[in-house]
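Residue numbers start at 1 and run along the sequence shown. Nothing here was measured: the structure is a model prediction, and the numbers come from that model.
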Amino acid sequence: MHQYEGNAMRALAMYGTLASIGSLVLTALVAAPAGSAESAESAVSPETRGTAAAAHRAAATGIAFGACPKSEGLPGHIKCGTVRVPLDYADPGGRQISLTVSRARATGKPDARQGALVYNPGGPGASSMFFPMAGVLPEWKRLAAAYDLVGYAPRGVGRSARLSCQKPEEFVKAPSDAPTHPSYAYKQERIAQAQAYADGCARKAGSALRHYTSLNNARDLDVLRAALGEKKLTFMGASYGTYFGALYATLFPSHVRRMVFDSAVNPDPEQIWYRNNLDQSLAFEGRWRDFRTWIAKHDKTYHLGTTPDEVLASYEKVRAGLARKPAGGKVGPGQLHSALLSAGYYDDYWAMRATALSEYLKGNPKPLIDQASPKPEAMRDDENSKAVYTAVECNDAPWPTEWWVWDRDNSLLAARAPFETWDNAWMNLPCAYWSAPRQQPLDVGTEPGELPPTLILAAERDAATPYPGALELQRRLAGSVLVTERDAGAHGIGGGANKCVNGHLETYLLTGRTPVRRAQCAPHREPNPVSLDKRAVAKEPAPAV
């Protein structure tokens with residue numbers, strides 16, 4: 001599951017004023033209703049008892065907010081602090097790690113304040129330290145008046161006990177190839193790389209490696225809730241954030257006040273994570289065609305073809321040209337693919353990516369070089385994010401350990417969905433050679449009346465978290481409500497371009513009211529084509545990790 005953050009991150013980066021930014025208590029658990037998931041687990045799980053102890057300690061300590069380090073690049077009205085959590089919740093008195101936290105106080109009248117709204121943008125491996133900046137955006141101003149906006153870096157991310165698996169300069173090697181139907185020799189090369197990467201994670205993290213898991217991310221969230229002084233949690237998670245949010249709702253339903261799941265991961269234990277990645281690769285093929293269809297509609301601007309197949313032929317010309325001579329010495333087929341993958345996540349990339357393809361074929365490679373070249377200043381954070389992503393997904397669940405299974409499944413899938421299949425396989429292949437213990441995924445779910453109403457947001461054609469995942473999550477969380485953006489495929493839709501979706505989100509977070517069970521919104525407008533002949537391409541936001 002590739003690591004791209006939700007819409008709040010993109011919305012911040014797209015605004016010119018922010019374009020320069022680089023990047024509760026023990027008794028609440030003990031008194032859980034008889035028969036609930038949390039009371040059952042508290043009777044048998046040392047980790048749950050450890051979470052209660054850590055939350056009790058955090059509630060007493062709180063968070064000492066002060067000026068943020070310059071490295072965070074946050075404006076002065078946002079304050080930062082840390083919360084300490086156990087590395088191992090089965091040993092809450094043992095080694096502690098510090099998670100970094102950011103907060104912007106609610107801007108409205110004190111008597112209208114509703115507490116803290118905690119946000120996670122996904123990953124695994126993404127930070128939401130930027131999130132309090134969302135309060136300046138029109139879509140978030142009413143929420144910023146009612147809530148303290150709280151972001152944080154999950155365990156392993158950034159300054160939160162940073163995890164690393166290799167030297168950052170080794171992580172980004174360019175130019176690189178990205179064959180859609182790799183040869184035997186190429187496969188053997190990638191197997192060796194995956195084995196070396198898994199070994200590097202084990203060597204650099206040591207015995208701590210096993211503790212980077214989704215379950216621990218959910219437990220950390222409860223300690224953060226307590227440290228913020230909140231008896232109940234108001235939380236919004238996007239993409240992967242929906243998965244450990246669902247784990248939180250399963251483990252601690254009585255601690256939930258309001259919870260938004262934006263672009264939901266399929267939480268079925270049989271899907272975590274190997275099958276979810278196969279489904280994701282298949283869904284990206286449809287989204288890749290959506291993008292080409294849009295380009296074809298605007299052939300007068302881009303001159304890449306009047307049908308999706310003609311656009312595909314133009315793309316293949318660009319790939320072949322980059323294979324012969326990488327653009328700027330840095331952009332080969334691998335970098336081209338990564339740049340176009342972001343267009344599968346967010347259609348506000350479509351115009352700039354189409355322009356880059358068009359200009360390259362006209363003899364001007366500069367837009368493609370600008371958009372697809374690796375960014376040295378992001379190299380360290382990108383390596384860190386990949387390390388956390390790999391550790392969490394490999395630790396969370398069993399993976400096939402025999403290469404022939406990966407080869408069979410991905411070869412069959414690539415015949416139907418060549419665009420993303422093998423790239424996704426290579427990203428996850430270290431899990432086949434992982435040395436840390438694998439967990440069995442928790443069976444996400446709540447009984448009627450156990451959890452307050454929760455809100456699920458999903459786009460029908462989302463490729464990163466395919467729509468069936470939202471249906472499965474709603475089936476498992478009793479009383480949840482699903483808002484669907486029809487015939488649209490953006491990933492992370494809350495606070496984005498669709499006013500209907502934003503209306504449901506704002507009403508729920510401000511009042512707790514939801515539609516009866518399901519609601520539908522018409523799709524947001526397609527992007528307008530942009531040509532270098534007419535106006536300069538806007539500065540592009542960095543893809544989320």
Between Phe284 and Tyr345, does the ring centre distance come in under 6.0 Å? yes
Least distance between heavy atoms, Arg257 atom then Pro452 atom: O-CG, 3.7 Å
Does the Asn498 side chain pair with the main chain of Ala522, one donor and one acceptor, at a distance under 3.5 Å? yes
Evaluate the side-chain hydrogen bond (donor to acceptor under 3.5 Å, both in side chains) criterion for residues Tyr389 and Asn428: first the C-alpha distance (whole Å), next the side-chain angles of each, then the deciding distance (0.1 Å), finally the verdict. CA-CA 9 Å; Tyr389 167 90; Asn428 294 288; 2.6 Å; yes
Between Asp148 and Leu117, is the side chain to side chain contact (heavy atoms under 4.5 Å, CB included) condition met? List the steps. CA-CA 6 Å; Asp148 297 347; Leu117 170 59; over 6 Å; no
Would you please indicate yes or no on a ring centroid separation below 6.0 angstrom for Tyr243 and Trp273? yes
Least distance between heavy atoms, Ala126 atom then Asn120 atom: O-ND2, 4.2 Å
Is a salt bridge present between Arg225 and Asp222, judged by a nitrogen-to-oxygen distance below 4.0 Å? yes
Parallel, tilted or perpendicular: which one describes the rings of Phe244 and Phe235, with boundaries at 30° and 60°? tilted
Are any side-chain N or O atoms of Thr446 and backbone N or O atoms of Leu477, one a donor and one an acceptor, separated by less than 3.5 Å? no
Looking at Trp140, Tyr147, Tyr152, which hits ring pair (Phe, Tyr, Trp, His ring centres under 6.0 Å) with Phe131? Trp140
Should the pair Asp382-Lys386 be classified as a salt bridge under the 4.0 Å nitrogen-to-oxygen rule? no
Under the salt bridge (charged side-chain N to carboxylate O under 4.0 Å, His left out) test, residues paired with Asp88 that sit two or more places apart: none
Taking the six-membered ring for Trp, are Tyr89 and His211 ring centroids under 6.0 Å apart? no
Please give me the minimum heavy-atom distance between Ala264 and Thr242, naming the atom from each residue. CA-OG1, 3.4 Å
State whether the side chain of Glu139 and the backbone N or O of Gly135 hold a donor-acceptor pair below 3.5 Å, judged by distance alone. no
Side chain of Glu383, backbone of Cys165: donor and acceptor closer than 3.5 Å? yes
Please indicate whether Arg486 has more than 12 foreign heavy atoms, meaning atoms of other residues, nucleotides or ligands, lying under 6.0 Å from its CZ. yes
So, Arg162 and Asp381, do they make that salt bridge, N to O below 4.0 Å? yes
Taking every heavy atom of Ala458 against every heavy atom of Leu482, the minimum-distance pair comes out as CB-CD1, 4.1 Å
Please lay out, stage by stage, how Thr454 and Arg258 fare under the test side chain to side chain contact (heavy atoms under 4.5 Å, CB included). CA-CA 6 Å; Thr454 57; Arg258 290 172 194 159; over 6 Å; no
Could you tell me whether Lys79 atom NZ has more than 12 heavy atoms of other residues or ligands within 6.0 Å of it? yes
Using 4.0 Å as the upper bound for N to carboxylate O, is an ion pair formed by Glu72 and Arg159? yes
Say whether Gln114 and Thr234, considering side chains only, have a donor N or O and an acceptor N or O under 3.5 Å apart. no
Side chain to side chain contact (heavy atoms under 4.5 Å, CB included) between Met133 and Leu74, worked out: CA-CA 8 Å; Met133 292 192 294; Leu74 296 171; 4.3 Å; yes
Between Gly81 and Ile63, which heavy-atom pair has the shortest distance, and what is it? CA-CG2, 3.9 Å
With a 3.5 Å distance limit and no angle check, can you tell me whether Glu485 reaches the backbone of Val501 through a side-chain donor-acceptor pair? no
Does a salt bridge link Asp348 with Arg353, judged by any charged N lying under 4.0 Å from a carboxylate O? no
Does Arg57 have any salt bridge (charged side-chain N to carboxylate O under 4.0 Å, His left out) partners at least two apart in sequence or in another chain, and if so, which? none
Within the 4.5 Å heavy-atom criterion, are Ser239 and His491 side-chain neighbours or not? yes
Pairs involving residues 106-143, ordered by first then second residue, that meet disulfide bond (SG atoms under 2.5 Å apart) (sequence neighbours left out): none
With sequence neighbours excluded, residues passing salt bridge (charged side-chain N to carboxylate O under 4.0 Å, His left out) with Glu460: none
Contacts of Asp220 meeting salt bridge (charged side-chain N to carboxylate O under 4.0 Å, His left out) (sequence neighbours excluded), chain-then-number -> Arg155
For the pair Trp350 and Trp294, name the ring-plane relationship: parallel under 30°, tilted 30 to 60°, perpendicular over 60°. tilted
Salt bridge (charged side-chain N to carboxylate O under 4.0 Å, His left out): which pairs involve residues 492-512, sequence neighbours left out? Arg142-Glu506
Side chain to side chain contact (heavy atoms under 4.5 Å, CB included), that's the test. Do Val481 and Tyr508 meet it? Break it down for me. CA-CA 10 Å; Val481 174; Tyr508 172 69; over 6 Å; no
More than 12 heavy atoms of other groups within 6.0 Å of Arg380 CZ: no
Would you call the rings of His337 and Phe419 parallel, tilted or perpendicular if under 30° counts as parallel and over 60° as perpendicular? tilted
With a 4.0 Å cut-off on N to O distance, would you call Glu230 and Arg113 a salt bridge? yes
In terms of heavy-atom contacts, Leu228 and Ala116 come closest through CD1-CB, 4.2 Å
Aromatic plane relationship, His255 with Phe252 - under 30° parallel, 30 to 60° tilted, over 60° perpendicular: parallel
Apply side-chain hydrogen bond (donor to acceptor under 3.5 Å, both in side chains) to residues Tyr467 and Thr484 and explain how you reach the verdict. CA-CA 9 Å; Tyr467 187 68; Thr484 299; 2.7 Å; yes
Evaluate Arg287 against Asp347 for salt bridge (charged side-chain N to carboxylate O under 4.0 Å, His left out), listing each step before the verdict. CA-CA 10 Å; Arg287 197 63 182 146; Asp347 54 23; 3.7 Å; yes
With side-chain hydrogen bond (donor to acceptor under 3.5 Å, both in side chains) as the criterion, how do Thr213 and Asn395 come out once you've worked through the C-alpha distance, each side chain's angles and the decisive distance to 0.1 Å? CA-CA 6 Å; Thr213 67; Asn395 286 335; over 6 Å; no
